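The next block holds one structure in the form of structure tokens; read it before the comments.
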Amino acid sequence: MIAARVAAVRERISRAAERAGRAGSEVRLVAVSKTHPAEAIREAFAAGVSDFGENKVQEAETKLPSLADLRAGGARWHMVGHLQTNKARKAAALFDVVHSVDDARLADRLEPAAARAGRVLDVLVQVDPAAQESKHGLSERELLPALEALRGRKAVRAVGLMGFPPLEDDPEELRPFFRRLRELRDAAVRDGLLVGRELSMGMSHDLEVAVEEGATLVRVGTAIFGTREA
Ligand SMILES: *Cc1c(COP(=O)(O)O)cnc(C)c1O
């Protein structure tokens with residue numbers, strides 16, 4: 001079941017990449033396993049998925065220890081949800097990548113926590129070019145200072161940008177959002193403010209548009225694990 005869904009998602013990614021003249025291999029699938037049990041994660045891992053996303057530190061804390069063998073086998077854990085500053089220490093120990101850095105103070109906490117854990121944490125800065133009223137990330141104006149605050153850190157590396165667009169029934173409506181995110185990424189790379197080129201955007205219902213616009217990490221939950229309760 002999960003294996004068939006993973007295959008279908010990979011097919012959607014590679015078709016979209018092809019339309020945009022990109023290689024499907026430029027896009028990494030992050031299977032967002034929030035609310036789903038460890039067994040479902042094992043099934044996806046067996047189907048070749050190596051990157052998993054969770055959106056709550058507490059849930060990850062209870063789920064991940066039983067999956068230590070997967071991590072030893074190459075699985076990587078991504079924090080995709082909002083991260084509270086007071087959870088930074090735990091997050092730095094649990095996750096390999098944090099997609100949702102939306103506050104310079106959060107970076108200030110992640111840095112010593114990652115250093116103490118003896119690791120280098122990859123982070124993405126969450127930005128909201130739509131600057132919605134209920135903000136999901138930094139505004140464009142706030143992005144530059146945040147990237148500058150991250151520059152030169154040792155235990156935290158800013159590798160890209162992440163976007164969580166407003167809800168839209170028609171994914172085509174999100175194209176300008178995704179495109180703007182790519183432009184901001186390109187500008188940040190040009191200015192030496194990012195050490196990678198990652199662009200985390202696209203979910204179950206809009207991943208085609210995101211891949212066409214340059215996504216390198218797509219965060220897919222429902223299309224792989226089914227609908228979530230609660
Ligand atoms: C849940 C979640 C996803 C996955 O959403 P689906 O619509 O189930 O694919 C992606 N990104 C974030 C930040 C999420 O919280």
Side-chain angles (χ1 to χ4, degrees), residues 1-13 15-16 27-38 40-41 43-44 47 49-61 63-64 76-84 87-88 91 94-103 106 122-130 132 134-138 159-175 177-178 181-182 185 198-230:
M1 183 71 158
I2 286 180
R5 289 196 183 129
V6 167
V9 167
R10 289 204 188 284
E11 181 66 25
R12 287 173 61 192
I13 292 171
R15 278 170 197 240
V27 185
R28 187 177 280 262
L29 172 61
V30 179
V32 179
S33 48
K34 64 190 186 198
T35 78
H36 296 286
I41 297 176
E43 224 179 305
V49 175
S50 58
D51 291 78
F52 296 93
E54 291 285 338
N55 73 332
K56 292 202 174 83
V57 168
Q58 200 177 351
E59 185 180 343
E61 236 182 334
K63 227 151 70 177
L64 302 200
R76 301 192 334 138
W77 261 270
H78 300 245
M79 173 60 180
V80 300
H82 177 70
L83 181 56
Q84 288 168 286
K87 300 261 172 72
L94 284 165
F95 293 99
D96 302 285
V97 187
V98 175
H99 288 228
S100 42
V101 171
D102 57 0
D103 181 350
L106 179 56
D122 283 351
V123 303
L124 291 87
V125 175
Q126 186 173 350
V127 55
D128 183 3
Q132 312 146 52
S134 57
K135 273 198 352 179
H136 291 283
L138 299 173
V159 298
L161 301 183
M162 181 267 217
F164 190 91
L167 279 177
E168 286 290 352
D169 289 335
D170 179 6
E172 196 56 43
E173 298 279 323
L174 299 174
R175 192 176 293 278
F177 180 99
F178 293 142
L181 215 59
R182 184 187 58 200
R185 191 272 322 259
E198 301 292 351
L199 208 42
S200 168
M201 57 190 198
M203 310 194 288
S204 290
H205 89 298
D206 57 15
L207 70 88
E208 280 87 353
V209 180
V211 168
E212 285 168 17
E213 293 300 330
T216 66
L217 294 161
V218 292
R219 311 180 307 267
V220 180
T222 315
I224 290 174
F225 296 109
T227 49
R228 290 178 289 272
E229 322 208 335

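Just so you know, these numbers come straight off a predicted model, no measurement behind them. In each ligand, atom 1 is the first atom listed, and ligand 1 is the first ligand listed.
The backbone N or O of Thr222 sits nowhere less than 3.5 Å from a side-chain atom of Arg5 that would complete a donor-acceptor pair. Without hydrogens or angle criteria, Glu208 side chain to Arg12 main chain gives no donor-acceptor distance under 3.5 Å. Between the side chain of His205 and the backbone N or O of Glu168, at least one donor-acceptor pair lies under 3.5 Å. At distances below 3.5 Å, not a single donor-acceptor pair connects side-chain atoms of Ser204 with backbone N or O atoms of Val220. Judged by distance alone, the side chain of Lys63 and the main-chain N or O of His36 form a donor-acceptor pair under 3.5 Å.
The CG atom of Leu29 sits 8.0 Å away from the CG atom of Asp51 when rounded to the nearest 0.5 Å.
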Report every pair formed by an N or O atom of ligand 1 and a protein N or O atom separated by less than 3.5 Å, giving atom names and the distance to 0.1 Å.
residue  : atom   : partner : partner atom : Å
ligand 1 : 8 (O)  : Thr222  : N            : 2.8
ligand 1 : 8 (O)  : Thr222  : OG1          : 2.5
ligand 1 : 8 (O)  : Arg228  : NH1          : 2.9
ligand 1 : 8 (O)  : Arg228  : NH2          : 3.2
ligand 1 : 9 (O)  : Ser204  : N            : 3.0
ligand 1 : 9 (O)  : Ser204  : OG           : 2.5
ligand 1 : 9 (O)  : Gly221  : N            : 2.8
ligand 1 : 11 (N) : Arg219  : NE           : 2.9
ligand 1 : 15 (O) : Lys34   : NZ           : 2.7

